[in-house]
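Quick note: numbers below take in every heavy atom, side chains included, and nothing from hydrogens, waters or symmetry partners. For the single chain, residues carry numbers from 1 onward in sequence order. This one's a predicted model, so the numbers in the text were calculated from it and none came from an experiment.
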Amino acid sequence: METIKLLLGIICIPVICSSGMPDRDLLGDSLAEEKIRVSVLAIAERELGVREKTGKNDGERVEHYLKYIGLPKGHAWCGAYTSWVYGQAGLSKPRTGWTPALFPANRLTRKPKPADLFGIYFPSLKRIAHTGFVVSIKSDWALTTEGNTNIEGGREGDGVYKKRRHLRTIAKFANWIGKENKR
């Protein structure tokens with residue numbers, strides 16, 4: 001009887017362990033993704049306090065974000081800010097200031113993670129017209145870091161702020177972090 005238990009143990013332990021443990025490649029990808037997410041948020045938050053020079057989508061840092069995507073000063077820059085941050089974290093995409101382009105179907109997620117993008121839909125424009133980074137989700141609220149906003153949370157603001165937004169105000173979330181998006 002003891003011999004049977006020993007043999008079963010020798011056979012079952014490797015089977016149980018092999019089916020219950022994640023693949024090393026998957027674990028490596030998960031750790032790499034987590035490292036990128038932490039980097040994205042660190043870069044985004046270092047920009048907190050950036051303000052426009054005259055309130056007309058201008059100023060040294062704002063123009064730097066716009067230049068990254070090929071636009072001159074004066075353009076709305078929330079999408080440029082998010083693209084610039086992702087680029088600084090080593091991601092090749094997105095690289096656009098057109099906020100609807102930040103939410104393609106193949107990037108949408110219902111379970112946002114830190115460093116994913118959120119998009120706010122404006123009925124008057126009939127499109128997503130503001131974006132930023134999800135820092136965390138708690139209950140019905142998203143803590144965000146976003147550019148071209150203000151204290152009130154407008155889409156044509158004056159700087160980079162940390163905001164708290166109710167999930168009802170967010171139309172979509174997009175995940176741009178993955179192994180197919182590295183430089």
So, using side-chain hydrogen bond (donor to acceptor under 3.5 Å, both in side chains) as the criterion, who are the partners of [X] when residues are at least two apart?
X: Ser83; result: none
X: Lys35; result: none
X: Asn148; result: Trp77
X: Arg165; result: Glu146

Margin query: I need the minimum non-hydrogen distance between Glu156 and Ala76, along with the two atoms involved.
Written below: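 Closest approach of Glu156 to Ala76, heavy atoms only: OE2-CB, 3.2 Å.
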Notebook entry, point to check: Can you list the other members of the hydrophobic cluster that holds Ile137, where links are side-chain heavy atoms under 4.5 angstrom apart?
Noted result: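 When side chains under 4.5 Å apart are linked, the cluster holding Ile137 also contains Phe118, Ile120, Phe122, Leu125, Val134, Leu167, Ile170, Phe173.
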Checklist line | Hydrophobic cluster (4.5 angstrom, side-chain heavy atoms) - remaining members for Ile151 | finding: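 Members other than Ile151 - counting any ILVMFWY side chain reachable under 4.5 Å - are Tyr161.
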The criterion is side-chain contact (heavy atoms from CB on, under 4.5 Å); which residues satisfy it with [X], sequence neighbours excluded?
X: Pro114; answer: Leu41
X: Trp141; answer: Arg164, His166
X: Thr54; answer: Lys56, Asp58
X: Leu71; answer: Leu66, Ile69, His75

Margin query: Working to the nearest 0.5 angstrom, can you tell me the gap between Asp140 CG and Thr169 OG1?
Written below: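 Between atom CG of Asp140 and atom OG1 of Thr169 there are 11.0 Å.
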Next item on the list: Measure the CG-NZ distance between Leu102 and Lys93 for me, rounded to the nearest 0.5 Å.
Entry: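 That separation rounds to 13.0 Å.
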Item checked: Donor-acceptor under 3.5 Å (Arg95 side chain, Tyr68 main chain) ->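 The answer is yes, because a donor-acceptor pair under 3.5 Å joins these two groups.
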Note to self: Check the orientation of Tyr86 and Phe133. Use parallel for under 30°, tilted for 30 to 60°, and perpendicular for over 60°.
What the structure shows: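 Correct class here is perpendicular.
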Next item on the list: Scan residues 109-124 for pairs that pass salt bridge (Lys or Arg N to Asp or Glu O under 4.0 Å), counting only residues two or more places apart or in two chains.
Entry: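 Applying salt bridge (Lys or Arg N to Asp or Glu O under 4.0 Å) to every pair that reaches into residues 109-124, excluding sequence neighbours, yields Glu33-Lys113, Arg37-Asp116.
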Notebook entry, point to check: Going by the salt bridge (Lys or Arg N to Asp or Glu O under 4.0 Å) test, which pairs reach into residues 65-74, not counting sequence neighbours?
Noted result: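 For residues 65-74, and leaving out neighbouring residues, there are no salt bridge (Lys or Arg N to Asp or Glu O under 4.0 Å) pairs at all.
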Notebook entry, point to check: Hey, are Glu45 and Lys162 close enough for a salt bridge, meaning a charged N less than 4.0 Å from a carboxylate O?
Noted result: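 Yes, this pair counts.
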